[in-house]
Number of protein chains: 2
Amino acid sequence: MNRRATIKDIAEQAGVSAKTVSRVMNDEPYVRDDIRERVKRVAAALDYHPNRNAQGLISSRTFLIGLTYERPSPSYVVDLQRGALERLAGERYRLVVLPFADAREDPAGLVALLRSAMVDGALLAPPSCDIPEVLDALDNSGIRYARITPGTMLERGSCALLDERAAGRAIAEHLVQLGHRRFGVILGHPGHAATSARLAGYRDAFAAAGIAPDDIRIERGDFTFHSGEAAAHRLLARTDRPTAILAQNDDMGAAALSVARALGLAVPDAVSIAGFDDADIARLCWPQLTTVEQPVAAIAADATDRLLKQLEGGELAAAITHPHRVIVRGSTGPAA
Amino acid sequence: MNRRATIKDIAEQAGVSAKTVSRVMNDEPYVRDDIRERVKRVAAALDYHPNRNAQGLISSRTFLIGLTYERPSPSYVVDLQRGALERLAGERYRLVVLPFADAREDPAGLVALLRSAMVDGALLAPPSCDIPEVLDALDNSGIRYARITPGTMLERGSCALLDERAAGRAIAEHLVQLGHRRFGVILGHPGHAATSARLAGYRDAFAAAGIAPDDIRIERGDFTFHSGEAAAHRLLARTDRPTAILAQNDDMGAAALSVARALGLAVPDAVSIAGFDDADIARLCWPQLTTVEQPVAAIAADATDRLLKQLEGGELAAAITHPHRVIVRGSTGPAA
DNA sequence: AGCAATGGTGACAACGCTGTCAGATTTGGC
DNA sequence: GCCAAATCTGACAGCGTTGTCACCATTGCT
């Protein structure tokens with residue numbers, strides 16, 4: 001077990017000063033080509049890795065990016081991480097995961113977590129990306145951040161955007177086109193901006209089709225399978241039940257599927273069910289769930305890209321809206 | 001946007017030396033109680049967070065723990081992370097996620113990743129925890145590690161253990177007790193130690209029940225839903241099909257469920273299906289999947305604990321084996 | 001009173017690296 | 001061949017923290 005090689009070790013072996021080695025390592029000019037070569041060879045031979053603590057101490061950076069989120073579904077978390085890591089590959093930055101229980105109740109706690117983790121920048125997933133106190137505190141403490149699919153204050157910080165409302169409208173239009181006129185909606189967690197944005201999208205589609213508010217029954221959920229079961233039960237156990245259900249994520253859509261089966265309602269013949277997100281579960285349940293795909297990994301990569309640009313002192317580029325895509329599967333069909 | 005407070009700032013405001021502040025921050029003795037109090041108050045007022053770069057530079061540490069794994073299911077990844085983070089809460093260490101594509105093909109690449117991330121220690125999930133080259137290289141570079149449910153070389157490093165074989169035997173015995181005598185097995189990825197250990201456990205149960213090898217049909221899979229579908233199809237499309245299928249994880253078990261449904265075979269009346277892991281999907285499919293729960297988060301926390309003990313210079317405690325638990329749900333029933 | 005042991009405090013250096021600056025060497029223009 | 005400009009090189013300081021060590025103050029003991 002050898003001590004890690006330092007610049008000093010390389011300098012001695014190569015017969016140059018530490019500063020020259022440093023110049024070579026950072027691809028700075030003003031080093032003769034032959035010396036540059038020699039230093040590189042020695043560094044490779046010693047398997048040199050720069051000490052980021054020392055680099056960070058000087059530049060007051062840590063080369064750490066914190067990813068914060070609040071117990072969403074596992075596949076969403078993994079997609080976020082995958083997207084961020086894709087962009088970070090080959091960079092000096094590393095990804096630290098910092099899930100936080102409830103940022104809305106304790107915004108200061110989230111920021112304290114980020115500060116004590118000493119991250120240079122933070123990737124904020126919903127719902128923390130929509131909490132003004134969090135953004136204020138981050139601005140104050142000089143921690144850069146990028147917001148992943150925020151629903152409000154779109155002008156603050158750099159954002160990777162999704163048009164949740166348009167996506168909601170798209171999936172609702174799919175059902176309207178199949179002839180459905182009586183709808184059930186299962187909402188997501190009330191604290192998420194996506195919940196109201198997706199609902200607004202549904203309503204856009206309903207209004208355009210001339211569907212009366214009386215024909216729309218809305219139930220609350222919180223994005224969990226369990227909450228979806230309860231809400232689906234309330235929707236489907238009535239005699240004037242809807243012919244189509246819009247669930248605001250796939251876990252709740254799958255739950256609605258399971259409730260329909262338990263009640264003896266064939267899907268999609270008796271009732272159509274659509275989800276949201278195109279999570280793994282949408283392909284694993286039966287019938288497979290019609291849903292809207294949001295390119296989560298690409299968004300996370302975009303947010304990471306924006307964050308890196310900020311950390312390198314670049315300008316904030318204009319936000320772009322990532323496209324959604326309706327994926328029609330077996331759980332939706334023509335109205336009876 | 002304020003500069004972060006340093007020890008020097010606190011020292012000036014509290015009218016003491018930097019060293020005394022340091023002593024207070026690290027709960028060292030030899031500071032008068034009133035001074036200790038005063039320093040703590042000033043530190044809190046300035047919202048002081050120690051600079052881990054500086055701390056790390058001195059102690060040649062980074063207070064970073066790397067978690068490595070190789071695209072397992074999202075819920076497994078999240079459980080690992082949750083367990084590790086639970087143990088890390090309140091510690092100075094932070095968790096860096098380092099998924100790596102194929103450690104078996106490129107062990108040196110994985111170690112290079114860990115070295116360049118400058119982690120103090122690594123948590124190795126399967127299959128990298130079973131690759132001797134990886135362990136050798138880590139030993140050589142002085143990166144401590146803890147192995148999460150290794151299947152081989154149990155004497156190397158510190159391990160958080162699972163008795164995969166006993167768990168395999170337990171779930172197989174459940175089916176034997178239901179009267180099944182003709183079995184299909186869907187194996188996991190051939191590179192994982194768990195694959196052969198679980199199979200050995202199945203065989204223990206079969207041998208104890210006097211079931212002939214001819215009545216056991218084994219198909220290969222790789223832990224993905226897709227591979228499970230193909231394997232299940234090969235098992236169920238035959239006339240002498242098994243009355244019970246043992247899938248080595250829940251994704252493949254759910255796939256078998258879906259194939260059975262497509263072939264018009266009622267579960268569990270015509271065929272019983274058991275999974276492994278108690279992943280989310282086991283509760284989300286229909287009928288819900290009988291499976292074996294492995295306490296993944298607790299194991300990850302245990303591994304993290306062992307790693308921290310090593311990093312703090314403690315002794316290696318004896319490994320303990322974490323208990324499995326058979327969870328009987330609707331997908332298994334008496335043999336026809 | 002005298003002296004050791006203990007408690008309490010701070011000056012200083014060092015961790016590995018890079019910014020600053022001064023100085024040495026080479027190049028190019030006349 | 002001479003001077004300015006460009007190219008190259010290294011000594012030194014300092015980032016924020018802690019280990020080492022020296023020192024002063026107090027206590028408890030002959």
Side-chain angles (χ1 to χ4, degrees), chain A residues 2-40 42-43 46-64 92 115-120 141-142 312-313, chain B residues 2-40 42-43 46-64 92-93 115-116 118 120 142 312-313:
Chain A
N2 313 312
R3 192 176 54 86
R4 284 178 87 104
T6 68
I7 280 204
K8 225 174 134 189
D9 300 327
I10 302 176
E12 276 167 24
Q13 279 212 27
V16 295
S17 75
K19 179 69 216 189
T20 296
V21 177
S22 168
R23 271 190 272 261
V24 173
M25 291 336 246
N26 294 289
D27 284 321
E28 283 171 31
Y30 301 137
V31 180
R32 254 174 31 220
D33 285 350
D34 57 330
I35 292 191
R36 197 179 286 276
E37 269 313 300
R38 190 163 80 235
V39 168
K40 278 188 177 165
V42 174
L46 294 180
D47 191 21
Y48 171 75
H49 293 258
N51 184 319
R52 289 194 220 274
N53 276 328
Q55 291 182 325
L57 187 55
I58 293 167
S59 56
S60 14
R61 300 216 240 163
T62 56
F63 301 108
L64 252 28
R92 283 184 297 184
R115 295 198 62 178
S116 77
M118 295 230 14
V119 298
D120 290 338
S141 38
E312 303 303 336
Chain B
N2 314 310
R3 190 175 56 87
R4 284 178 86 104
T6 69
I7 280 204
K8 226 174 134 190
D9 300 327
I10 301 176
E12 277 168 23
Q13 279 213 28
V16 295
S17 76
K19 180 68 217 191
T20 295
V21 176
S22 169
R23 271 190 271 259
V24 173
M25 291 337 254
N26 293 289
D27 284 323
E28 284 172 28
Y30 304 136
V31 180
R32 251 172 35 216
D33 285 350
D34 57 330
I35 293 191
R36 197 179 285 275
E37 270 313 298
R38 188 161 82 233
V39 168
K40 277 188 175 163
V42 174
L46 293 180
D47 192 21
Y48 170 76
H49 293 259
N51 184 320
R52 292 197 215 274
N53 276 329
Q55 292 183 324
L57 185 54
I58 293 168
S59 56
S60 26
R61 302 214 239 162
T62 56
F63 301 108
L64 252 31
R92 284 185 294 186
Y93 290 87
R115 295 199 61 175
S116 77
M118 295 228 17
D120 289 337
E312 302 304 336

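Just so we're on the same page: letters track the sequence lines, and every chain starts at 1. Computed from a predicted structure; not experimentally measured.
Listed by chain and number, the residues in a side-chain contact (heavy atoms from CB on, under 4.5 Å) with B/Ala18 are B/Ile7 (sequence neighbours excluded). Residues forming a ring-ring contact (aromatic ring centres under 6.0 Å, His included) with B/Phe63 (at least two apart in sequence, or on another chain): B/Tyr93. For B/Ile58, there are no side-chain contact (heavy atoms from CB on, under 4.5 Å) partners, not counting sequence neighbours. Listed by chain and number, the residues in a salt bridge (Lys or Arg N to Asp or Glu O under 4.0 Å) with A/Asp33 amount to none (sequence neighbours excluded). Contacts of A/Ser116 classified as side-chain contact (heavy atoms from CB on, under 4.5 Å), with partners at least two apart in sequence or in another chain: B/His49, B/Arg52. Annotation: side-chain contact (heavy atoms from CB on, under 4.5 Å) contacts of A/Met25 (sequence neighbours excluded): A/Val21, A/Ala43, A/Tyr48.
For DNA chain C, the span of nucleotides reached by chain A at under 4.0 Å from its heavy atoms goes, 5' to 3', from C/dG16 to C/dT20. Mapping heavy-atom proximity under 4.0 Å, the span of DNA chain D touched by chain A runs 5' to 3' from D/dT7 to D/dG16.
Taken from CG in A/Leu57 to CG in B/Asn51, the straight-line distance is 6.0 Å, to the nearest 0.5 Å. With rounding to the nearest 0.5 Å, the separation of CG in A/Leu46 from CD in A/Glu12 is 10.5 Å. The structure places CD1 of B/Ile35 at 9.0 Å from OG of B/Ser17, a figure rounded to the nearest 0.5 Å. Note: B/Leu64 CG to A/Leu64 CG = 5.5 Å, rounded to the nearest 0.5 Å.
Checking side-chain atoms of B/Ser59 against main-chain N and O of B/Gln55 turns up a donor-acceptor pair under 3.5 Å. No donor-acceptor distance shorter than 3.5 angstrom exists from the side chain of B/Asp9 to the backbone of B/Ala5, with no hydrogens or angles considered.
Identified under the salt bridge (charged side-chain N to carboxylate O under 4.0 Å, His left out) test for residues 21-30 of chain A, with sequence neighbours left out: none.
Taking the nucleotide of DNA chain C with the nearest heavy atom to each of A/Ile7 and B/Ser17, the more 5' of the two is matched to B/Ser17.
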Residue pair A/Arg115, B/Asp47: steps toward the salt bridge (charged side-chain N to carboxylate O under 4.0 Å, His left out) verdict: CA-CA 10 Å; A/Arg115 295 198 62 178; B/Asp47 192 21; 2.5 Å; yes
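Residues A/Arg61 and B/Asn53 come closest through the heavy atom pair O-ND2, 2.6 Å.
Of the residues in residues 46-61 of chain B, those lying under 4.0 Å from DNA chain D by heavy-atom distance are B/Tyr48, B/Pro50, B/Asn51, B/Ala54, B/Gln55, B/Ile58. Residues from residues 18-26 of chain A with heavy atoms under 4.0 angstrom of DNA chain D, sorted by number: A/Lys19, A/Thr20, A/Arg23.
Summary for the helix from C/dA1-D/dT30 to C/dC30-D/dG1: the axes at its two ends, each from 5 pairs, differ by 40° when rounded to the nearest 10 degrees.
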